[in-house]
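Comments concern the structure below.
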Amino acid sequence: MTGADEREATLVGLALLIGIGAVFSAFLALAVFLFVRLARLSRGWSTARAMTAASEPRSAGSRQSLEALERADPGFSVVSFEDFVYSLYTELEVARGRGQLARFSPWLGPSALQALEATGMVPVSDVVVGALGYTAVSLTDGTVRVVLSIEANYTEAPPGGRPRSYWSRELWELTRAVSARSRPPERVRAFDCPNCGAPADQLVGATCRYCQQTVNTGAFDWVVTSIGLVAREERPPSLTGTAEETGTALPTLLDPRLGAMSAALRERDPSFDDRAFLARVELVFRTMQVAWSSLDWPLVRPFLSDNLWRAQTYWIEAYRRSGLRNITENATISRIELVRVTSDHFYDAITVRIYASSLDYTVRDADRAIVGGSRSAPRAYTEYWTFIRGTGAKGPARTEPVCPSCGAALALDAAGECGYCRATLTRGEFDWVLSRIEQDEVYQG
């Protein structure tokens with residue numbers, strides 16, 4: 001078989017893999033996650049149970065289909081791809097407000113650029129992506145196409161006017177060539193030349209002056225080809241009141257590859273231990289409970305990915321500015337179901353569904369009056385939580401409060417680096433960190 005034949009066979013095989021797995025469904029509204037469900041993120045629990053596989057499978061969504069791109073691009077990682085999208089969204093909103101969208105021409109098609117400009121040039125701050133879902137994944141003629149549903153909050157501050165907080169839901173279409181090669185995780189937020197890595201000042205429109213390449217074609221990196229605004233509302237953070245739980249009774253979405261992928265993880269890391277992993281989970285969420293209720297959010301910095309950290313920091317600051325405090329007490333867990341294990345070149349990921357309950361209420365700091373929730377009626381809930389760890393890390397999960405790199409007391413700065421050895425701990429290079437929290441009714445697998 002010639003090289004051209006092999007390439008054609010690879011593309012055809014990938015097209016079949018992605019085409020078969022793609023599920024085109026409207027992504028459910030995730031504003032619930034952002035505005036009335038977010039207080040649940042902090043809850044901790046204790047359990048002595050081992051992880052068990054869920055017993056009621058449901059079909060998975062398009063996110064799983066995108067993993068097939070690894071066949072043609074071994075360096076592709078869904079975790080890194082989502083990190084890129086979160087970062088690009090934030091950068092584009094800030095650039096829109098400053099009138100500097102041209103700086104990101106290598107990642108913007110004409111239609112997407114026009115859509116952003118139409119939103120208006122008003123200074124933007126406090127950008128946080130609260131939810132990202134997959135609506136479609138497909139491959140045609142060697143091009144990967146991904147449609148994402150993105151929900152976000154940001155603040156616009158017109159000169160001389162009062163700041164306004166907005167909630168937005170958008171549909172983003174991103175494309176790239178199958179033959180493109182992904183950046184490693186440490187470079188996905190580096191918005192330099194997608195071809196040669198030259199600094200941003202070498203980019204003139206969509207052309208790099210250093211390598212002389214036009215770089216917004218999808219041949220080198222993802223390009224946002226269209227942005228559709230589904231909804232945009234002036235909506236300040238909703239910090240009070242009570243919302244009913246939905247989705248708790250839904251059957252668990254179980255990955256049909258769970259058994260094989262779990263076995264593969266244990267083969268690569270024979271010292272992986274269920275109970276040690278659960279102890280790590282318990283440590284993370286007990287710390288989250290304390291950090292959230294006390295508004296001392298830096299306590300949980302060592303255990304969250306950068307994107308999740310930024311999203312929750314937005315809400316912590318919103319509570320603090322409003323003189324409010326969301327309290328969770330007596331958190332307990334009745335069951336943890338192991339639902340998904342995946343691996344790529346850079347990351348292992350484990351998703352569990354937790355069944356838990358706690359007291360959940362919001363008080364005014366000034367007089368301690370309850371403005372939402374209940375001090376006496378426990379609230380039951382379930383959620384899907386995904387942890388990631390670098391594939392180079394091995395051994396039982398750690399629970400001791402020390403840096404896994406140098407052994408110093410665990411104290412990280414805002415960038416997620418150890419204050420002593422400067423190792424970055426929040427990318428999962430040393431141990432499991434929490435990367436995603438998803439509600440039952442919107443989890444796609």
Side-chain angles (χ1 to χ4, degrees), residues 10 13-14 16-18 20-21 47-61 63-83 181-182 184-186 252-284 303 305 335-354 384-400 404-405 423 425-436 438 443-445:
T10 298
L14 182 58
L16 289 173
L17 283 168
I18 293 182
I20 291 172
T47 178
R49 298 174 183 265
M51 287 189 295
T52 59
S55 57
E56 298 181 77
R58 290 191 283 136
S59 59
R63 186 172 187 263
Q64 181 174 311
S65 304
L66 187 57
E67 295 171 5
L69 185 55
E70 298 170 31
R71 300 289 185 94
D73 178 11
F76 175 74
S77 165
V78 172
V79 173
S80 293
F81 169 72
E82 292 173 354
D83 194 12
R181 289 296 173 262
S182 299
E186 64 272 14
T252 297
L253 183 58
L254 175 65
D255 191 329
R257 307 169 299 170
L258 178 59
M261 296 300 289
S262 296
L265 173 62
R266 286 167 172 79
E267 182 176 353
R268 292 192 307 274
D269 182 11
S271 57
F272 175 83
D273 180 80
D274 284 358
R275 288 185 175 273
F277 177 80
L278 285 177
R280 174 78 173 182
V281 171
E282 181 180 354
L283 170 66
V284 171
F303 308 117
S305 70
R335 185 163 82 254
I336 300 177
E337 292 178 343
L338 175 65
V339 300
R340 193 164 190 258
V341 175
T342 61
S343 297
D344 57 43
H345 183 72
F346 297 104
Y347 294 103
D348 293 318
I350 296 178
T351 300
V352 295
R353 189 184 190 189
I354 65 153
Y384 290 83
W385 300 23
T386 298
F387 291 81
I388 61 172
R389 186 179 71 170
T391 52
K394 299 290 188 293
R398 300 176 177 87
T399 56
E400 62 275 13
S405 175
L425 306 185
T426 54
R427 290 200 296 259
E429 294 179 5
F430 299 95
D431 212 336
W432 300 96
V433 295
L434 181 61
S435 176
R436 289 171 70 96
E438 298 168 277
Y443 175 71
Q444 294 180 296

Requested in this report: Measure from the side-chain N and O atoms of Thr399 to the backbone N and O of Ala279, and report whether any donor-acceptor pair falls under 3.5 Å.
Outcome: no
Query - Side-chain heavy atoms of Phe346 within contact of Val79, under 4.5 Å - result: no
**Report entry** Electrostatic pair Asp273-Arg266, nearest N-O below 4.0 angstrom
**Finding:** no
Query - Closest heavy-atom pair and its distance - Tyr384, Thr252 - result: OH-CA, 3.4 Å
**Report entry** 4.5 Å side-chain heavy-atom contact, Val339 and Leu258
**Finding:** no
Report task. Please step through side chain to side chain contact (heavy atoms under 4.5 Å, CB included) for the pair Val352 and Val281, ending with a clear verdict. Result -> CA-CA 10 Å; Val352 295; Val281 171; 5.6 Å; no
Query raised in the report: Is any side-chain heavy atom of Phe387 closer than 4.5 Å to a side-chain heavy atom of Phe277?
Result: yes
Report task. Would you check if Leu338 and Ser262 make a side-chain contact, meaning some heavy-atom pair closer than 4.5 Å? Result -> yes
Requested in this report: Heavy atoms only: give me the nearest Leu253-Gln444 pair and the separation to one decimal.
Outcome: CD2-C, 3.3 Å
Query raised in the report: Heavy atoms, side chains only, cut-off 4.5 Å: are Ile350 and Arg340 in contact?
Result: no
Requested in this report: Please step through side chain to side chain contact (heavy atoms under 4.5 Å, CB included) for the pair Phe76 and Asp344, ending with a clear verdict.
Outcome: CA-CA 8 Å; Phe76 175 74; Asp344 57 43; over 6 Å; no
Report task. Taking all heavy atoms of Arg398 and all of Asp431, pick out the closest pair and write down the distance. Result -> N-OD2, 2.8 Å
Query raised in the report: Salt bridge check: are Glu82 and Arg436 linked by an N-O gap of less than 4.0 Å?
Result: yes
Report task. Not counting sequence neighbours, which residues clear salt bridge (charged side-chain N to carboxylate O under 4.0 Å, His left out) with Arg268? List them please. Result -> Asp348
Query - pair Tyr347-Ser435: side-chain heavy atoms closer than 4.5 Å - result: no
Query raised in the report: Which heavy-atom pair separates Pro396 from Ala276 by the least distance, and what is that distance?
Result: CB-CB, 3.8 Å
Report summary line: Smallest heavy-atom separation, Tyr443 atom then Glu438 atom, equals CD1-OE1, 3.5 Å
**Report entry** Salt bridge present between Arg280 and Glu282 (N-O < 4.0 angstrom)
**Finding:** no
Query raised in the report: When you look at Arg389 and Val433, which way does the side chain to side chain contact (heavy atoms under 4.5 Å, CB included) test go after all the steps?
Result: CA-CA 7 Å; Arg389 186 179 71 170; Val433 295; over 6 Å; no
Query - Salt-bridge contact Arg257-Glu67 (side-chain N to carboxylate O under 4.0 Å) - result: yes
